[in-house]
Amino acid sequence: MAEGGVNAALGNVDPEDSWESHFKDTVKGGAWINNQKLVETLTKEAPERILDLEEYGALFDRTPEGKIVQRPFGKQSYRRTCYASDRTGHEFMATLVEEVRRRDIDVMEEIFVTNLLKTNNTVVGAFGIEYKTGDFLVFRAKATVLAAGGTGRIYKTTSNAAQDTGDGYAMGYRAGASLIDMEMFQFHPTGMVFPESACGRLVTEGVRGEGGILTNINNERFMKRYDPRLELAGRDVVARANATEILEGRGTPHGGVYLNISHVDAHIIEDRLKTMLRQFLDTGVDIRKEPMEVAPTAHHLMGGVMVNEEVATDLKGLWAAGEVTGGIQGGNRLGGNALAGTQVFGKIAGENAAKYAQNVEKPSIDLAQVKKEIKHAQSSLERRKGIRPVQVRTKLANLMWDKVGIFRTGKELQEAISEIGRMQMEEIPRLYATGKGTRYNHEWIKTFEVENMVLTAEMMARAALMREETRGAHYRKDLPKTDNKNWFVNIVIKQENGKMMFKKVPVVMTLLKQGA
Amino acid sequence: MAKTVKIKVFRYDPDIDKEPHYETYEVPYSEGLMILDALNYIYENIDGTLAYRWACRAGQCGSCAVIINGKPKIACRAALEKEEDVTITPLLQFPVIKDLVVDLERGLRRIERMRPYVERVKKAPRPEIMTAEAIEPIKEFRECIECWACISACPAVAEAWQEFSGPMYHAKFARLQFDERDVEDRVKMAFIEGLYKCTTCRACVEVCPKEIEIPEKAIEKMRAIAVRTGLGPLPGHAEYTSRAIKFGRTVDKIGTSLLEMVQTGYAARVKNPKDTVGYFPGCLTDYRLQEVGKAIIEILTKNNIEVIVPSEFTCCGSPLIRAGLVDEAKENLVPKNVKILEGLGVKTVVTGCPGCGMTIKRNYPELIGRELGFETMHVSQYLARNVDLNVNDMTSVNVKATIHNPCHLNRGLGAPDDLENVMSKIPGVKLVEMEEADRCCGAGGGVRAGERSISMMMARRKGEFIINSGAEACVTQCPFCYIQIRDILKQLGYEQIKVYDLADLMVKSYRGEKP
């Protein structure tokens with residue numbers, strides 16, 4: 001869960017900060033392939049959205065003057081990252097839940113949406129299953145916002161929650177939306193490595209923001225060899241550095257590198273990194289006194305459903321916001337930009353969807369699609385034998401980690417694609433749930449998730465194979481150079497006639513020329 | 001073969017099963033294994049039909065709370081001990097949907113009804129200036145992840161949820177009350193939702209994954225405001241609190257007080273003492289349970305500890321602070337006792353009353369704005385930790401007894417095992433376990449005096465646990481618990497079950513008397 005903070009050029013700590021500087025850092029950090037229109041919106045509007053949250057009741061940590069405090073994060077020119085200790089994401093959620101309660105907005109919890117429904121090429125709602133009863137639900141909607149989060153669970157080691165299974169990408173794809181930059185997956189440089197149970201759990205960038213130092217087993221501050229910004233280089237760079245140190249045998253006994261914050265005052269750690277302190281104390285490590293062991297962990301998909309500056313997808317009736325969207329973060333996301341994106345684009349999505357809904361008739365639902373969904377949903381329940389979702393997920397997660405990971409080669413990507421293809425053909429149709437009841441049938445729901453994960457993995461692997469260069473988080477060992485001549489483009493994926501089609505599109509630029 | 005642990009899990013699918021049942025699974029143990037890993041292992045390798053909730057596995061979403069060996073905890077942060085077999089059941093207070101998954105709707109509705117958000121009457125300035133000091137008292141409450149563990153653990157909620165909404169809700173009230181942006185009267189809301197029904201037993205703190213100090217920082221702070229605004233204290237608190245302010249004792253003097261019975265001041269009782277301690281008797285021991293006070297002095301003396309009993313003291317202030325009369329305690333009582341106790345010139349002050357001990361140790365430093373010049377310990381803590389107990393002079397007491405562990409000793413002073421450790425050294429004690437020995441008896445926090453009916457419900461449950469244990473005697477070491485348990489057992493018709501303060505029983509052993 002998002003911990004370290006949210007970027008907004010408030011200039012509370014460094015008054016010279018500006019949205020233009022935030023814009024520039026984001027585009028440079030994103031290896032130049034961000035959609036600059038979206039980045040403009042992000043960086044211009046982030047400060048206002050943070051103040052919205054505060055108006056709703058959010059509680060960010062303060063400067064001595066009583067303003068929202070800001071700390072340094074990777075690859076940023078100024079101290080720009082606002083925070084609530086190291087539980088900023090939780091502060092967001094708590095605040096938004098409170099605001100939802102204030103506005104008395106209906107929320108239906110624990111509904112798994114299997115697919116978007118369409119009539120006349122317009123999205124008209126969705127089909128879902130209620131966990132509690134297993135009842136099928138049809139949502140008939142004038143406007144729909146896709147906000148389904150990411151897909152970290154397709155990797156063996158991830159910081160992501162159980163529900164981050166790529167459902168939004170898969171649903172978007174199946175409904176015919178375009179997806180962009182699906183090869184760009186971020187590995188967070190610092191996840192826990194020990195004990196096994198905690199493996200992958202996020203160690204916030206806030207640790208490095210507060211002065212944390214990375215060293216290898218030889219006590220060498222190895223970041224010196226990789227980037228002049230040291231620990232506060234881009235996440236792509238630090239993640240590769242950590243992985244390299246570990247792969248080349250300079251890792252710790254548990255297969256990580258050391259991250260040390262113990263030189264910082266104990267009370268600062270207790271106040272600003274409280275979650276980290278607790279999370280490591282649980283494993284017997286007191287970060288006030290000793291270093292942490294960390295290694296990269298699958299964290300965030302930069303790519304996703306393509307949106308324009310209205311955050312409309314290319315499907316009528318469908319908007320999207322949050323990690324499920326692509327194009328904002330480019331080839332590498334700066335820490336603190338995801339939380340900012342949720343607020344900026346969430347607001348735009350909501351407003352535009354609402355405006356649209358006021359001017360359209362309530363749509364009709366295509367019953368054939370609903371029947372198809374029901375049939376599909378029932379098939380895994382009716383199947384008496386086959387393959388369990390956990391088996392497919394385990395295989396996929398290992399495959400993605402090994403072959404579509406931090407370091408990639410054409411050969412391995414090709415192997416991954418064939419294996420994913422085999423899974424699509426042989427395993428997905430045989431998915432089944434052990435229990436046949438519909439009441440809170442966890443495994444039944446997981447059959448849909450796994451199907452989505454495999455489809456998302458396919459898009460990611462195939463886009464990664466297509467991009468024959470190294471850029472941002474996409475590192476090709478066999479093609480380690482950035483090739484601006486051929487690959488200063490975005491890769492867009494769309495389903496056409498049942499086939500996954502890829503095309504190169506020019507990067508949307510507004511203010512910054514490439515390399516400027 | 002790899003080590004395994006046995007995990008017993010509550011299973012129930014109301015659509016299919018006639019009744020709930022348990023399944024036991026064997027799970028391989030590895031270092032650092034959490035309960036959530038065990039559940040995942042069961043789901044992935046043994047039984048795909050198991051229903052349980054989880055999301056972040058990092059202690060931040062609050063979805064995976066279950067009851068583990070009787071204690072509600074979030075499964076992702078509950079470590080599995082190597083040799084321990086565990087039983088996992090769903091959270092209490094909520095209907096089961098399936099297995100470990102409960103329906104939280106009732107609780108969620110109740111949150112909504114409390115207007116749980118910063119309520120403003122004026123548009124917020126942008127940006128809004130709030131100092132670090134202003135947000136300090138709220139930050140801790142913001143950590144709440146709504147995991148519902150405290151609601152499941154709270155003994156007052158267990159008896160009457162309709163009357164006392166519970167720790168999490170009161171933490172939210174406090175968060176809003178102390179937020180200078182919020183305009184509502186949250187203390188009044190909290191009062192209506194049972195502010196005075198919390199016994200401050202700290203069961204909520206024990207299970208909170210964020211260790212939020214709800215009784216101390218939410219309940220008691222809001223009670224203090226309730227008093228300032230005239231809502232509190234309750235009628236039942238009036239007499240003893242005003243007596244404490246006027247006369248320094250919460251109860252009337254009947255006959256001879258402990259201080260009149262024993263030598264006070266620097267009275268050498270032992271030659272070449274191993275240690276010298278001050279003894280703070282507290283109101284009830286001085287005026288009602290004098291024999292317990294005498295026993296404590298005698299036991300310490302038997303162990304070659306010099307005991308200095310102050311020639312005067314006032315009520316420790318606990319009954320006032322718990323009822324919200326913090327200013328009164330701070331003004332009238334606390335400084336006197338600080339002067340008296342620091343004047344004893346000892347390193348350690350022992351109390352026989354966990355309430356006094358907790359108040360001196362936890363509240364005094366905050367109220368006087370500095371650390372105390374001595375360490376405060378409950379007598380059982382002191383005997384268990386600082387004394388190589390003289391067992392040679394003890395004789396067999398020959399009693400089948402069960403322990404009631406006082407909340408303010410166990411969780412207030414952080415001494416869960418000391419009472420049992422000391423008691424188990426007395427020859428002839430046959431310990432029998434009661435269910436939930438650490439469950440609150442309902443006496444604390446001003447609840448016995450102020451909220452009689454819910455106090456009685458808690459007492460009755462405690463009484464039944466004692467009766468069911470088959471013990472001939474219940475041993476505790478807190479004057480409030482002692483009186484509460486003694487009374488309820490009599491009322492339930494179990495006069496024959498004796499209730500002892502540990503000192504009572506121990507001194508009998510030293511004196512060679514039969515209980």
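Please read these numbers as outputs of a predicted model, since none were measured by experiment. Numbered from 1 within each chain, the chains take letters A, B, ... in sequence-line order. Computed from heavy atoms alone, side chains included, the values below leave out hydrogens, waters and symmetry copies.
Contact tally against chain A (heavy-atom pairs below 4.5 Å) for B/Ile138, B/Asp182, B/Asp47, B/Asp99: the top residue is B/Ile138. Contact count against chain B (heavy-atom pairs under 4.5 Å) is highest for A/Val390 among A/Thr438, A/Val390, A/Ile68. Contacts with chain A were tallied for B/Leu33, B/Asn45, B/Ile145; B/Ile145 has the most, counting heavy-atom pairs under 4.5 Å. Contact count against chain B (heavy-atom pairs under 4.5 Å) is highest for A/Ala58 among A/Gly435, A/Gly284, A/Pro64, A/Ala58. Options B/Thr49, B/Ile16, B/Ile97 differ in how many heavy-atom pairs under 4.5 Å they form with chain A, and the most are formed by B/Ile97. Of the listed residues A/Ile50, A/Thr95, A/Leu51, the one with more heavy-atom pairs under 4.5 angstrom with chain B than any other is A/Leu51. Of the listed residues (B/Ala134, B/Ser63, B/Pro14), the greatest number of heavy-atom pairs within a distance under 4.5 Å of chain A belongs to B/Pro14. With chain A as partner, the option from B/Glu128, B/Glu119, B/Glu133, B/Glu143 having the largest number of non-hydrogen pairs under 4.5 angstrom is B/Glu143. Ranked by heavy-atom pairs shorter than 4.5 Å toward chain B, the options A/Arg393, A/Glu110, A/Lys67, A/Glu99 are led by A/Glu110. In terms of non-hydrogen atom pairs under 4.5 Å with chain A, the most contact-rich of B/Met34, B/Glu44, B/Glu146, B/Glu31 is B/Glu44. Top candidate by heavy-atom pairs under 4.5 Å with chain B, chosen from A/Met192, A/Lys436, A/Lys446, is A/Lys446.
For A/Arg87, the part lying near chain B is the side chain, with the backbone staying farther off; criterion is any non-hydrogen pair under 4.5 Å. Of the two parts of A/Arg153, only the side chain, counted from C-beta on, holds a non-hydrogen atom closer than 4.5 Å to a non-hydrogen atom of chain B. For chain B, the nearby part of A/Phe194 is the side chain; its heavy atoms alone come within less than 4.5 Å. B/Asp15 touches chain A through backbone and side chain together, each having a heavy atom under 4.5 Å away. Only the backbone of B/Leu50 comes within less than 4.5 Å of a heavy atom of chain A; no side-chain atom from C-beta onward does. For chain B, the nearby part of A/Ala198 is the backbone; its heavy atoms alone come within less than 4.5 Å. Looking at B/Pro125, neither its backbone nor its side chain comes within 4.5 Å of chain A, counting heavy atoms on both sides. Proximity to chain A involves both the backbone and the side chain of B/Ala55, based on heavy atoms less than 4.5 angstrom apart. Contacts between A/Lys274 and chain B at a heavy-atom distance below 4.5 Å involve the side chain alone, from C-beta outward. For chain B, no part of A/Asn12 is nearby; none of its heavy atoms comes within less than 4.5 Å. Only the side chain of A/Glu109 comes within less than 4.5 Å of a heavy atom in chain B; its backbone stays farther off. Residue A/Arg388 touches chain B through its side chain alone, counting heavy-atom pairs closer than 4.5 Å. Only the side chain of B/Arg175 comes within contact range of chain A, judged by heavy atoms closer than 4.5 Å. Heavy atoms of A/Gln163 lying under 4.5 Å from chain B belong exclusively to its side chain. Looking at B/Leu108, the atoms closer than 4.5 Å to chain A (heavy atoms on both sides) all sit in the side chain, from C-beta outward.
Salt bridge status for B/Glu211 with A/Arg278: present, with a side-chain N to carboxylate O gap under 4.0 Å. A salt bridge does not link A/Glu98 to A/Arg101: none of the charged nitrogens lies less than 4.0 Å from a carboxylate oxygen. Classification of A/Glu48 and B/Arg126 as a salt-bridged pair holds, one side-chain N sitting under 4.0 Å from a carboxylate O. Under a 4.0 Å N-O distance rule, the pair A/Arg272/A/Asp61 does not qualify as a salt bridge.
Under the 30°/60° scheme for interplanar angles, the aromatic rings of A/Phe92 and A/Phe60 are found to stand perpendicular.
Side chain to side chain, B/Ser152 and B/Gln93 fail the donor-acceptor criterion of an N or O pair below 3.5 Å. Between the side chains of A/Ser197 and B/Asp37, at least one donor-acceptor pair of N or O atoms lies under 3.5 Å. Between the side chains of B/Ser165 and B/Glu193, a donor-acceptor pair is found at a separation under 3.5 Å. Between A/Asp86 and A/Thr275, the side chains place a donor N or O and an acceptor N or O closer than 3.5 Å (distance only, hydrogens not considered).
A heavy-atom distance below 4.5 Å is found between the side chains of A/Leu339 and A/Thr88. Between A/Thr158 and A/His299 there is no side-chain heavy-atom pair separated by less than 4.5 Å.
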Verdict with reasoning, B/Arg411 to B/Glu206, per salt bridge (Lys or Arg N to Asp or Glu O under 4.0 Å)
CA-CA 7 Å; B/Arg411 291 178 287 260; B/Glu206 185 179 32; 3.1 Å; yes
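Of the possible polar contacts, one joining the B/Arg53 side chain to the B/Val102 backbone as a donor-acceptor pair under 3.5 Å is found.
Ring centers of A/Tyr432 and A/Trp444: at least 6.0 Å apart, outside the cut-off.
Under the salt bridge (charged side-chain N to carboxylate O under 4.0 Å, His left out) test applied with A/Glu55, the options B/Lys122, B/Lys123, B/Arg120, B/Arg181 reduce to a single match, B/Lys123.
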